[in-house]
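Presented below is the structure to which this report refers.
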Amino acid sequence: MNALHRDLCLLLNQVEHSTCPNPKWRLNYHLMPPVGWLNDPNGLCFYQGEYHFFFQYSPFRAEGGLKFWGYYKSKDLIHWDYCGVPLLPDQPYDCHGVYSGCAYTDGKEMRIYYTGNVKYSGDYDYIQNGRGSNTITALIQNGKAVQKECLMTNENYPENVTCHVRDPKVWKEKEKLYMILGARTKEEKGIALIYTSEDGKNWNLINHISTEKPFGYMWECPDLFPLQDHRILSVSPQGIEAQGIDFQNVYQSGYFFLEGDFSGEYHLSSFREWDRGFDFYAPQTFQDEKGRRILVGWMGIPDCEEFYTNPTTSLGWQHAFTLPREIIFQNGTLLQKPLEELQFLRKEQKILPDFLLCPSCFELILELENPNGLLISIEDSLFLEYNQKDQIFTLRFEGEIGSGRTSRSVILTELKKIHLFADTSSLEVFLNDGKEVFSTRYYPKENQVLLKKHCSTIQASFWELNAIEIQRKEEKI
Ligand code: FRU
């Protein structure tokens with residue numbers, strides 16, 4: 001343990017044990033930072049009977065800052081342990097942030113891969129020069145990252161990329177290990193690099209993956225995974241202009257179908273956004289022991305403050321994960337389904353009346369009959385609407401409740417079902433069994449909200465939801 005590690009541990013202990021965010025707007029069944037800031041899901045995996053969820057964590061500032069990895073684990077996705085901070089920026093090759101990465105496990109050990117961020121002081125632009133983006137591995141043992149090893153530095157990456165190379169995701173296929181990394185080229189094009197390795201330590205570049213025409217200047221958090229007979233390339237591109245109702249957020253997250261050979265000739269389909277709401281970025285997927293492909297996103301987005309904000313920042317914390325979603329491919333369509341485990345949170349089932357003043361943690365399933373116009377409102381300030389003629393579904397805010405959020409829409413040729421999860425200051429809306437999803441934060445004044453149903457339904461089920469349980473399990477450092 002070096003001196004920097006010791007000092008950081010002291011500060012962490014102080015901030016995590018002596019500060020507690022103001023409970024207003026804290027979520028009941030989503031994972032959040034214990035204090036301060038959370039961004040990307042990292043190292044998601046199922047290992048030795050437990051789900052392990054790490055996260056980009058900036059405990060000292062709710063506005064973000066130096067990045068650590070925080071750590072939650074659970075056997076059932078309902079009872080969680082908060083296991084503290086296993087990974088700290090304590091080495092010369094990761095001292096300005098232990099950035100995003102993954103966990104790879106063969107069942108015997110859990111190995112993480114992540115990016116060590118280094119910002120050299122000097123007159124640099126930090127894009128073409130001045131930044132180290134190191135690919136590092138470590139083992140997770142007894143809840144701590146041990147045996148850190150720096151595997152690649154900027155000198156090892158191909159000639160055509162800038163200093164922005166990051167977010168390794170590793171998987172095994174046909175006895176070989178593969179790694180995908182996101183990158184920004186010197187021509188300002190977002191790409192992904194594919195590496196292969198026999199031993200998990202020595203990596204050889206085998207392919208560049210990108211679109212023919214540039215699609216953004218940087219691809220963050222790439223993830224390449226099989227889904228039934230398809231292969232999905234998920235990326236979070238930066239630098240895409242809005243096109244009508246598409247690509248409305250400052251940065252995007254979505255996926256391509258990759259046909260052909262990712263290590264040779266391939267073709268990318270058009271890009272589809274994972275989520276059409278205001279608050280979704282940098283998702284990561286993993287497979288659990290039931291064989292489910294599960295996706296978790298960051299329910300937040302960087303650099304959006306010019307447009308909308310999160311008033312929790314002044315209460316000592318910011319951001320959360322989305323609910324975990326199972327991704328399936330059915331009748332030619334990719335669907336995102338809230339995990340069935342979430343049903344354990346349900347209280348008694350009720351039929352939703354036209355008006356209801358209810359606690360702000362609830363789930364709603366509406367089977368719709370010929371929907372048109374306003375469908376649902378919350379606090380007379382947040383509206384879900386469907387325009388049958390134009391085939392557009394819209395989530396719209398009025399007044400202060402959205403803290404600057406306005407409206408987001410998607411084309412939907414028909415609307416049959418709305419499945420909604422509300423958690424104090426978040427909403428996730430699944431349309432037509434997860435064909436489209438909208439995730440957003442919102443900030444009602446009270447912890448009771450006025451819910452109105454404005455449409456006719458075949459069925460309208462409502463449940464208040466219990467909270468997940470989180471125990472603090474971290475060893476004192
Ligand atoms: C995405 C991202 C990653 C990076 C991490 C730093 O939100 O910018 O590319 O590794 O966040 O926190």
Side-chain angles (χ1 to χ4, degrees), residues 33 36-44 53-71 85-89 93-103 112-119 126-127 131-138 145 150 152-154 157 161-170 179-185 190-193 216-223 233-240 249-254 274-275 278-285 295-305 310 318-322 439:
W37 156 288
L38 163 152
N39 57 299
D40 313 354
N42 290 161
L44 305 181
F53 285 16
F54 301 86
F55 58 95
Q56 284 286 284
Y57 185 24
S58 233
F60 306 128
R61 294 187 71 232
E63 296 83 2
L66 185 62
K67 298 287 160 48
F68 297 70
W69 280 30
Y71 183 14
V85 180
L87 184 65
L88 288 77
Y93 49 72
D94 66 11
C95 56
H96 297 125
V98 289
Y99 273 13
S100 283
C102 66
I112 59 169
Y113 293 88
Y114 68 95
T115 300
N117 179 47
V118 183
K119 275 180 105 173
Y126 298 104
I127 300 169
R131 182 188 295 272
S133 296
N134 303 306
T135 301
I136 304 161
T137 189
C150 181
M152 288 191 272
T153 67
N154 292 62
Y157 305 133
V161 299
T162 60
C163 305
H164 284 251
V165 178
R166 58 181 172 265
D167 310 336
K169 178 91 195 297
V170 171
M179 176 192 289
I180 187 165
L181 278 168
R184 173 175 184 161
T185 69
I191 65 165
L193 304 172
Y217 58 78
M218 169 71 193
W219 286 3
E220 295 194 305
C221 302
D223 194 351
L233 171 64
S234 169
V235 291
S236 293
Q238 299 182 313
I240 312 273
N249 290 341
V250 52
Y251 305 133
Q252 321 305 321
S253 294
W274 280 117
D275 193 295
F278 294 90
D279 295 279
F280 186 89
Y281 194 64
Q284 186 176 85
T285 73
L295 176 134
V296 180
W298 166 26
M299 196 162 30
I301 201 151
D303 305 333
C304 64
E305 295 79 13
N310 296 307
Q318 196 177 185
H319 300 309
F321 278 177
T322 64
S439 300

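Just so you know, ligand 1 is whichever comes first in the structure, and atom 1 is the first atom listed for that ligand. Start at 1 with the first residue, then count along the sequence.
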Step by step, work out the side chain to side chain contact (heavy atoms under 4.5 Å, CB included) result for Leu233 and Trp219.
CA-CA 11 Å; Leu233 171 64; Trp219 286 3; 4.1 Å; yes
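Side-chain polar atoms of Tyr281 and Asn249 form no donor-acceptor pair below 3.5 angstrom. Side-chain contact of Tyr157 with Thr135: a donor-acceptor pair under 3.5 Å is present, judged by distance alone. Between the side chains of Gln56 and Asn42, a donor-acceptor pair is found at a separation under 3.5 Å.
The side-chain hydrogen bond (donor to acceptor under 3.5 Å, both in side chains) test applied to Asn134 returns no partner, not counting sequence neighbours.
Annotation: ligand 1 has protein neighbours Asn39, Asp40, Gln56, Lys67, Tyr99, Ser100, Arg166, Asp167, Glu220, Tyr281, Trp298, each with a heavy atom less than 4.0 angstrom from the ligand.
Ring geometry for Phe60 against Phe68 counts as perpendicular: the plane angle is over 60°, on a 0 to 90° scale with 30° as the lower cut.
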